[in-house]
Each structure stands twice: as C-alpha cells, then as structure tokens.
Visitor: 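Below: one structure in structure tokens.
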2 protein chains.
Amino acid sequence: MVVNNMIKDNVISRLMQLGLSEYEARAYISLLKESPASAYEIAKNSGIPTSKIYEVIKKLQSRKMVQSIHGDRSRIFIPQSPDEFASTIRLAMEDSLGAIKEELKEFKTDIETDYTWSIRDYDGLILKAKRIIDTAESTILLSIWPQEMELLLNMLTTAEARGVKVIVVHYGATNIKIGRIFKHPVEDTIYAQGDIRGFAITVDSKEALICNISRKKIEAIWSMNSGFVIMVEEYIRHDIYLVKVITRFAPLLKEKFGDRYEGLRDI
Amino acid sequence: MVVNNMIKDNVISRLMQLGLSEYEARAYISLLKESPASAYEIAKNSGIPTSKIYEVIKKLQSRKMVQSIHGDRSRIFIPQSPDEFASTIRLAMEDSLGAIKEELKEFKTDIETDYTWSIRDYDGLILKAKRIIDTAESTILLSIWPQEMELLLNMLTTAEARGVKVIVVHYGATNIKIGRIFKHPVEDTIYAQGDIRGFAITVDSKEALICNISRKKIEAIWSMNSGFVIMVEEYIRHDIYLVKVITRFAPLLKEKFGDRYEGLRDI
DNA sequence: ATTTGTTAACCACTATGGTAGTTAATAATA
DNA sequence: TATTATTAACTACCATAGTGGTTAACAAAT
C-alpha cells in the first residue's frame, strides 16, 4: 500500500485497515465530531468534495455506520457510536475467524513442524513474536534487549497474568518487573562493542524464534522443528547460566580473562 | 456485495471477508491441501490461470501467508498454518480496534442516547441483537420466538456463562434451557393467528431493541433513550406476568373470556 | 514433443478519488 | 423588483488501480 505524500490521520488509516475507504473514514469521523449533520455539512468539515458525499454516506449507511433521520428541510445524519462500531466489527471478525479455523481444521497437517520460516523485516519479527507470546500456554523463555522488550512488554504481562511462566534474560539494566528476569551485564561482555543484538524466544518447548538485529538488516528464523526448538532453549538456558556465573564470579573472572572476558565466548 | 452466480466455497468467501482476493484465497487453500508445491502445481490444482499464479503468490508472501523454499528444479512454497494465520489476524485486528477505540474516545459523546435507530433487514436485526447480547453486563430481558431463538442461543449461552442474568419469554413450546425461561402458550392466545411475530430485548436497563417480523417486511427500532428502554422493559415484564397468569388460571380464564382470551389484549 | 515453469501484455469490470457542472432555494444588493 | 451571490443537494464524467480472465511467448525438463 503506497502512502500518499500526505501523512494520513492515524484514526483514518486505522479505519481504512478495517475496510473503509478514506472518504468513508473521514465522513464517519466528521460525524462523530459533529452530529447530527446534513450531507453538505459533513462534506464541508471533512474536506470531502460535496459531490462525493452522497455516495459515501450511502455506503456508510449500508454498513450500518450512519443512520439518516428527517431534519427540517432535508435529511440529516447521525453516526453509530464508536463502541457500537468496534463491537460489531469484532463480533463479525470473531465469527469469521472461528468459522475459518473450524473449516480449515481438516487441512491442519503438521506442515509447520518440518520447515523453518525466515523473516526479514522488523515489523514481521515483532508481529511473529507477539503472536507466539499470545498463544503461549505454559512457559516463555526469552533472551532480549531493551528495544524489543519495550515493544513486547504488554504482551508478556498479559501472558503472565494468564498463568504463563515467563523467564527472561534481559541485556542491560532495567527496572522492569516480569517473571524471572536475569539482567545480563552487557557492558562487561564482548557483546557491548558490536552494533548487533540478538533476540530469542521459545514457548512451551514447541516453537522458537531467533534473530540477529543490526542496523543494516535482520534475519530471523522461526520453526517448530523440535531440534531447532531444543537448540534455542539450550541457548537461552546457557545465557542464564552465563549471567549467573558473571554476576557471581565477576571479580575472579576479570582477573583471569581480562576486562572483557573474551574467553567466555567458548563456555 | 454482489454474489456471483457461482456459489463460492464457504472457506474462500470467509477468507475474502478477511481481505484476501479470491485467487489469493484459492491459492492458499490449495497450498494447505498439498504442500510444498511449486507455483505451477498450485495453479493447476486451484484452478487459477498459471499466468496469474506468480503475482498471487507474491501477494501471499508479502502477507506472510506463504514462504518459498528452494526446491530441486524451482522454487516451491509452503503455507503458514491456519492457526498461525488466524492468530496473527486476530492480533492485528485487536490491535487496530483497541487503538481506534482509544483514539475515538474523545468523540464519544452521548450521541446514542438521544436517537432511535431503525433497522429494516433481518440480518441487520440479528447482528444488532448479537452485539447487544455480547456486550451485556448484568441482565438480559428477552421476548422471542423460536426462529430468532435458534440464531441467538449461542450468544445467550455464552452471556449466561459470563454471569449475565438471562430472562426469557419464549413464544411456543421448547426444551431449551437458559436462564429463567417463561414459555408463552401461543396456541392459546390471539398471537397464534397472525403471521407476524414480535421480538424485544433489553440489557442492563441501558439499551433496547424491538421488532415486528412479518414475511413482507420488518421494522426494528433500537435506542438507548431511557424512556424507550423503560417502556420495552415494562413490555417484557408485562409479558412475563401474562404468561404467569395464563398458565396459572387457564381454565378459569377460558371460561370467562372464551377460547382465545381476546379480552387479555387489554390487560 | 509434451509437460513444466515463468514472464509479459492485454481486456473488462469495479471501486475509488477527483473535477465539473446542474438545479433549486435563499440571501444580499442594486 | 430584478439580479447577483451563496448555499445546498445532487448528477455526470474522468483517471487510476486492483482484480479476474485470456493469449502469447519462451525456457527448461522429461
């Protein structure tokens, strides 16, 4: 979807995501701001050409988002309340999704366990991570840096509230409180110098997602392949172990391996 | 939305509702049925022109619904699992809806309390009823005939499971078990003869929806206007009262008012 | 030679955004 | 009173993009 030069109002683009055209979204919002209003008024304070307003309103009516009532000299319109709108959409969506899930059950082979998926854009990575967290049932193992933590914290919190065990290796200091969190003293390790950071997550020993994030490019891999999952799990546990070792024996290690513990890479 | 002569596969039209084009939906389903598959194969067993399959797949890839891997002679493709797909969509949807609700909060005046909405199609009526039931918090009062009961029973059951008190006046016999159900002995009253039936619902003393349904046309009214709501509530309670009276004093009434109790209309 | 795999070009239809122009009723003004 | 403006309501037309659908061309594999 090409975004026109103009930066579109956030609300409007959101509504467009839900299937409205831009004019429809603008007309609806205009009505929310001021109602009841005649078609002409809506056109004026929404910036929609007066010539277009009637078909736009017709569409909105057919979507049950506005309703006409009889004004003095002409028809005037009132909007469905946003709550009502949201509820209706959600209902329809849940309906569709439920039905689809049901109908696609027969095809649900074990496609996903055999392959790995690669993801090459940051948004895709975050979306995938969210989905994984969202469907977690018992345990989440996570190795993460602050940048990603910020984006996923909400999801993690709700997962934990759901009763999911959350175990986190967090790179760098933080005062976030979630599950069992191990703070990795980044500044003391070799990772501090590079401009790439890692990201890894596994849930329920069933699926795993790992990624190296740099400014230039990202390359994430997701899979349900059990070997892969076990590997990632081990990797994170290893990280936890490392944190424990470093924090516990820091002085001693410094003495033995130097200031940056390069030797630890091989543990 | 005009439905083409051809009756489209249910699954496909569902997927289309979620924003896929027909070709995209067909290609995806084909992949679920058999994967991995080359573009050519997908085209063949989905009925999509081979000349179109590549752009279609490209779109699906950009939607993260299929992924290409390197096969022996050419690229082959695997689908995202339906579960994964459903979860991702749901997540995105909830995201959008949440954001919209938030952003539209400022506009949320008391639009809806002042007006009445009229609904003239059966689907719209049922949708509205579902939405109302879905958002009920404490009490549902319902006057209903079997036809509509069938369509709304699921919603009512989940509402009740949520802790909502459900009180129903059901016209005609039934063995449905839900909340407090009062079975209206239709056959004994004046209603039995007409070909129109009523429908009324109120929830939480906040909103109400009433309708007269005949074969020719329907005209439903919904409102949050408190006067209207109270009126509908009273109407339903009156109905309950009527049921109690009829069932308790049937013989006596029959004697006094004749076989069809015409006199009761005025109670 | 036929199947498989890939790309390009074209047509038709529809939805959408965008511009003009028409008609009628008021309101302002000469 | 007649004549401009302005407001309001609505129709018509055009360009573009997405989609479904067809034909052609061409390379590689069996």
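So that the names make sense, note that chain A is the first sequence line, chain B the second, and so on, each numbered from 1. Keep in mind that this is a model prediction, so the values were computed, not measured.
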Visitor: Would you mind telling me which residue lines up with the more 5' stretch of DNA chain D, Glu24(B) or Ser51(A), judged by nearest nucleotide?
Guide: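 The residue closer to the strand's 5' end, by nearest nucleotide, is Ser51(A).
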Visitor: In whole Å, what is the span from the OH atom of Tyr54(B) to the P atom of dA8(C)?
Guide: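 Distance check: Tyr54(B) OH to dA8(C) P gives 12 Å.
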Visitor: Side-chain N or O of Ser38(A) less than 4.0 angstrom from OP1 or OP2 on dA9(D)?
Guide: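 Looking at the OP1 and OP2 atoms of dA9(D), one of them is under 4.0 Å from a side-chain N or O of Ser38(A).
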Visitor: Inspect the contact between Glu94(B) and Arg90(A) and indicate whether a charged nitrogen and a carboxylate oxygen are less than 4.0 angstrom apart.
Guide: yes
Visitor: Measure CZ/Phe77(A) against P/dA8(D) and give the value in whole Å, please.
Guide: 14 Å
Visitor: Base, sugar-phosphate alone, or nothing: which one does Lys59(B) contact when heavy atoms must sit under 4.0 Å apart?
Guide: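 Lys59(B): backbone/sugar contact only, no base atoms under 4.0 Å.
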Visitor: A quick test of your reading: do over 12 heavy atoms of other residues, nucleotides or ligands sit less than 6.0 Å from CD of Glu137(A)?
Guide: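 For Glu137(A), atom CD is not crowded (no more than 12 foreign heavy atoms under 6.0 Å).
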Visitor: Just the rounded figure in Å: distance from P of dG18(C) to CD of Glu22(A).
Guide: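 Interatomic distance, CD of Glu22(A) to P of dG18(C): 7 Å.
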Visitor: To the nearest Å, give me how far apart CZ (Arg63(A)) and C1' (dA15(C)) are.
Guide: 11 Å
Visitor: Rounded to the nearest angstrom, tell me the gap between atom NZ in Lys58(A) and atom P in dC10(D).
Guide: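 Between P of dC10(D) and NZ of Lys58(A): 9 Å.
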Visitor: Rounded to whole Å, please give me the gap between CZ in Arg75(B) and P in dA27(D).
Guide: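 Rounding to the nearest Å, CZ of Arg75(B) and P of dA27(D) are 18 Å apart.
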Visitor: dA9(D), dT6(C), dG21(D): which one has an atom nearest the side-chain heavy atoms of Tyr23(B)?
Guide: dG21(D)
Visitor: Taking atom C1' of dA15(C) as reference, at what distance in whole Å does atom CE of Met16(B) sit?
Guide: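 After rounding, the reported distance stands at 14 Å.
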Visitor: Going by heavy atoms in the side chains, are Leu20(A) and Ile12(A) under 4.5 Å from each other?
Guide: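 A side-chain contact under 4.5 Å is absent here.
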Visitor: Is any side-chain N or O of Thr50(A) closer than 4.0 Å to OP1 or OP2 of dC10(D)?
Guide: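 Checking Thr50(A) against dC10(D): no side-chain N or O falls below 4.0 Å of OP1 or OP2.
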Visitor: Minimum heavy-atom separation for Val232(B) to Ile201(B), with atom names?
Guide: CG1-O, 4.2 Å
Visitor: When the ring planes of Trp222(B) and Trp117(B) are compared, do they come out parallel, tilted or perpendicular, using 30° and 60° as the limits?
Guide: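 The rings of Trp222(B) and Trp117(B) stand perpendicular, inter-plane angle above 60°.
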Visitor: Within the pair Lys52(B) and dT7(C), is there a side-chain N or O less than 4.0 Å away from OP1 or OP2?
Guide: no
Visitor: The side chain of Tyr40(A) is closest to which nucleotide in this list: dG17(C), dG5(C), dA8(D)?
Guide: dA8(D)
Visitor: Relative to the 5' end of DNA chain C, which residue comes earlier, Ile53(B) or Lys44(B), by the nucleotide with the nearest heavy atom?
Guide: Lys44(B)
Visitor: Whole angstrom is fine here: how far is it from CG in Leu20(A) over to C1' in dT16(C)?
Guide: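 The answer, rounded to whole Å, is 13 Å.
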